[in-house]
Asker: 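Questions regarding the structure given below will be posed in turn.
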2 protein chains.
Amino acid sequence: MTEDLTLNMNAYLPLRDVVFNTLREAILKGELKPGERLMELQLAAKLGVSRTPIREAIRMLEQEGLAVTIPRKGAEVARMTEKDMEDVLQIRDALDELAASIACEQITKEELEELRHTMHEFEESTKTGDVKRIAEEDVKFHDIIYRATRNPKLENMLSNLREQMYRYRVEYIKDEKNYPVLIKEHSQIVEGLAAKDMEMVTAAMHKHVRNQATAVKEMIREQEK
Amino acid sequence: MTEDLTLNMNAYLPLRDVVFNTLREAILKGELKPGERLMELQLAAKLGVSRTPIREAIRMLEQEGLAVTIPRKGAEVARMTEKDMEDVLQIRDALDELAASIACEQITKEELEELRHTMHEFEESTKTGDVKRIAEEDVKFHDIIYRATRNPKLENMLSNLREQMYRYRVEYIKDEKNYPVLIKEHSQIVEGLAAKDMEMVTAAMHKHVRNQATAVKEMIREQEK
DNA sequence: TCAATGTATTTTGTATACAATAGTTATCTT
DNA sequence: AAGATAACTATTGTATACAAAATACATTGA
């Protein structure tokens, strides 16, 4: 934990939430690495708060699957084995298909327009090679679909599942040779939604997730060595 | 909160976990009712611990969707509207089908035998009218299928989703006229798994969940009046 | 050298103290 | 009597203090 974690104190939020967001970001960005211990006193000192909000934030990170704690031993950033990732992706696959099929019925013209726009933004971003922006546009794209389900719990679960692979997915997005495939898959999803062709949408989404699965698992296999 | 909550101190667990389990049980059993406030000092006094483990347990209950907290206002037992329940069931439907289809491929002979046994136990229990036991046997039945997926995260999510409707589902189980349908559906699921007929299994599971959905939503509609 | 034991240190677990906010009641003003 | 305001109370938010457990390290004895 060499990076200097600092809090965004601007918000009028309980410290536990601020700490939670800070640690969450740090984990997703890879500043806090899998397996790294989350020591309360250390974090408290670094963030300039007491142990209390740190502890509560850790309980919240546990929820999200981003941390694991062993009683009387402490918490650490969740590690992911290839098996864990496969498990997550199996679930994500099913729920992403569900979301796609609901969205297919419920998406509005406006949302579809927004989706098209974001799709183009994504395509543009791949030309810049700005990995952070590419990732953001991709998140935005899928969020529109999630939102179109009108099911906040599903929305939440999916963004949660995405989070769990975020750290590994970034590597995938770095690799330029994946861009054409990603762009094509996005476009198929949009087409399918526009045509309200559920078969096409779910098939495209399935392929999209499975492609990520293969790539992300590859990344993990590298790391596990 | 008239009931006398008491802790199971037998286990060598951090108090937060003991408190969490205690409150969780109380919520699921309906001793703590939807909308009821979870006041730290009150709970601490009642359980004979300090506020610290209570607060951490509340953070954990939030995770599970069993409590909701408003900053500087406090926590309360999560309420469920019919829409919330429909949202949960939509997810459960997809994941139960996923679980069923994986189980169809992976379930062992021994597990299938266990499943058959539990199915009969369930059938027996319906004759006794002991609602608690009926519910337990039903949980056991589905847990065997969840376990057969070899996907602990999926297992966990499904039991979590089940929990969220547990309070309402009990009412459904009280109603004798549902027993024949339940028994038949269980038997179809088992048959399908034995024959490794994925179509049949997922169809049966889907029907099983949708039937519950209808009934549970009915219960909520009653309560919302 | 190695294992075992004891001791110091670090870290988590729990309780309590204090601060800040929200909610409630009583009082005052018109 | 109605509304505003002030004082009080209840409750959450945060920090700190103390206890217990785990860990690391050194010392001892074979």
Side-chain angles (χ1 to χ4, degrees), chain A residues 1-2 5-24 26-27 32-63 66-79, chain B residues 1-2 5-24 26-27 32-63 66-79:
Chain A
M1 200 181 59
T2 51
L5 300 170
T6 48
L7 294 181
N8 268 33
M9 290 297 278
N10 43 359
Y12 180 63
L13 273 176
L15 282 181
R16 62 164 176 273
D17 293 315
V18 182
V19 171
F20 169 71
N21 289 327
T22 307
L23 294 181
R24 183 175 158 279
I27 293 172
L32 291 169
K33 298 199 170 37
E36 188 166 344
R37 289 189 66 183
L38 299 171
M39 281 182 296
E40 300 169 5
L41 217 64
Q42 192 192 46
L43 291 171
K46 201 151 291 205
L47 298 176
V49 300
S50 80
R51 283 174 59 210
T52 309
I54 301 281
R55 285 178 67 86
E56 300 197 18
I58 287 175
R59 296 286 100 71
M60 296 163 80
L61 290 169
E62 261 186 289
Q63 288 167 22
L66 294 176
V68 172
T69 104
I70 300 154
R72 289 179 184 77
K73 175 80 191 301
E76 59 176 54
V77 178
R79 299 170 208 266
Chain B
M1 199 179 60
T2 51
L5 300 170
T6 47
L7 295 181
N8 268 35
M9 290 296 278
N10 43 1
Y12 179 66
L13 273 174
L15 281 182
R16 61 164 178 274
D17 293 314
V18 182
V19 172
F20 170 70
N21 289 326
T22 306
L23 295 180
R24 183 174 158 280
I27 293 172
L32 290 169
K33 299 199 170 34
E36 188 166 344
R37 288 187 66 185
L38 298 172
M39 280 182 298
E40 300 168 7
L41 217 63
Q42 194 192 46
L43 291 172
K46 201 149 292 204
L47 298 177
V49 300
S50 80
R51 285 174 58 211
T52 310
I54 301 282
R55 285 178 68 87
E56 299 196 19
I58 288 176
R59 294 287 99 72
M60 294 163 82
L61 290 168
E62 263 186 286
Q63 286 168 27
L66 294 175
V68 173
T69 103
I70 301 154
R72 289 182 184 73
K73 177 82 191 303
E76 60 177 51
V77 178
R79 298 170 210 268

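The chains referred to below are lettered A, B, ... by the order of the sequence lines, with proteins before strands, and numbering in each begins at 1.
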Asker: Considering only side-chain heavy atoms of A/T52, which listed nucleotide, D/dA15, D/dT12, C/dG13, is closest?
Answerer: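 Closest nucleotide among those given: D/dA15.
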Asker: A/L15 CG to D/dT12 P: how many Å, rounded?
Answerer: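 Going from CG in A/L15 over to P in D/dT12 covers 17 Å.
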Asker: Do B/I27 and B/E36 have side chains that get closer than 4.5 Å, going by heavy atoms?
Answerer: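 Side-chain contact under 4.5 Å: no.
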Asker: How close or far is atom C1' of D/dA22 from atom CE of A/M39, stated in whole angstroms?
Answerer: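 It works out to 13 Å between those atoms.
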Asker: If you only use heavy atoms from C-beta on, which nucleotide in D/dG13, D/dA15, C/dG13 is closest to the side chain of B/R16?
Answerer: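 Between D/dG13, D/dA15, C/dG13, the one nearest the side chain of B/R16 would be C/dG13.
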Asker: Can you tell me how far C1' of D/dA15 sits from CG of A/L43, to the nearest Å?
Answerer: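 Checked: the CG to C1' distance equals 16 Å.
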Asker: Hey, are the side chains of B/R24 and B/L61 touching, using non-hydrogen atoms and a 4.5 Å cut-off?
Answerer: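 When only atoms from C-beta onward are counted, B/L61 and B/R24 do touch, with a gap below 4.5 Å.
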Asker: Mind checking A/R51 for me? I need base, sugar-phosphate or nothing, with any heavy atom below 4.0 Å counting as a touch.
Answerer: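 Touches a base.
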Asker: Would you kindly give the CG-to-C1' distance between B/D17 and C/dT12, to the nearest whole Å?
Answerer: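 About 13 Å, once rounded to whole Å.
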Asker: Between D/dA22, D/dT16, D/dG13, which nucleotide gets closest to the side-chain atoms of A/R72?
Answerer: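 That would be D/dA22.
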Asker: To check you understand the geometry: which heavy-atom pair defines the closest contact between B/L38 and B/A67, and what is its length?
Answerer: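 Here B/L38 and B/A67 meet closest at CD1-CB, 4.0 Å.
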Asker: Does the B/R37 side chain pair with the main chain of B/K73, one donor and one acceptor, at a distance under 3.5 Å?
Answerer: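 Yes: the side chain of B/R37 pairs with the backbone of B/K73.
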Asker: Need one value for A/R55: base, sugar-phosphate or nothing, where a base atom within 4.0 Å counts as base even if backbone is also close, heavy atoms only.
Answerer: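 Here A/R55 touches the bases of the nucleic acid.
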Asker: In this structure, how many angstroms lie between the C1' atom of D/dA15 and the CD atom of A/E40, rounded?
Answerer: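 Rounding to the nearest Å, CD of A/E40 and C1' of D/dA15 are 14 Å apart.
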Asker: Specify the residue among A/P71 and A/E56 whose closest nucleotide of DNA chain D lies further upstream toward the 5′ end.
Answerer: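 Result of the comparison: A/E56.
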Asker: In whole angstrom, what separates B/L13's CG from C/dT14's P?
Answerer: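 It works out to 10 Å between those atoms.
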Asker: Quick one: B/L41 CG to D/dT11 C1', roughly how many Å, whole number?
Answerer: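 Taking atom C1' of D/dT11 as the reference, CG of B/L41 is at 8 Å.
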Asker: Which of these nucleotides, C/dG13, D/dT14, C/dT16, is closest to any side-chain atom of B/S50?
Answerer: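 My answer, after comparing the listed nucleotides, is C/dT16.
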Asker: Roughly how many Å is it from CD in A/E76 to P in C/dT11, rounded to a whole number?
Answerer: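 After rounding, the gap between these two atoms is 15 Å.
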Asker: What's the spacing between A/T69 OG1 and A/E76 CD if we round to 0.5 Å?
Answerer: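 Between atom OG1 of A/T69 and atom CD of A/E76 there are 9.5 Å.
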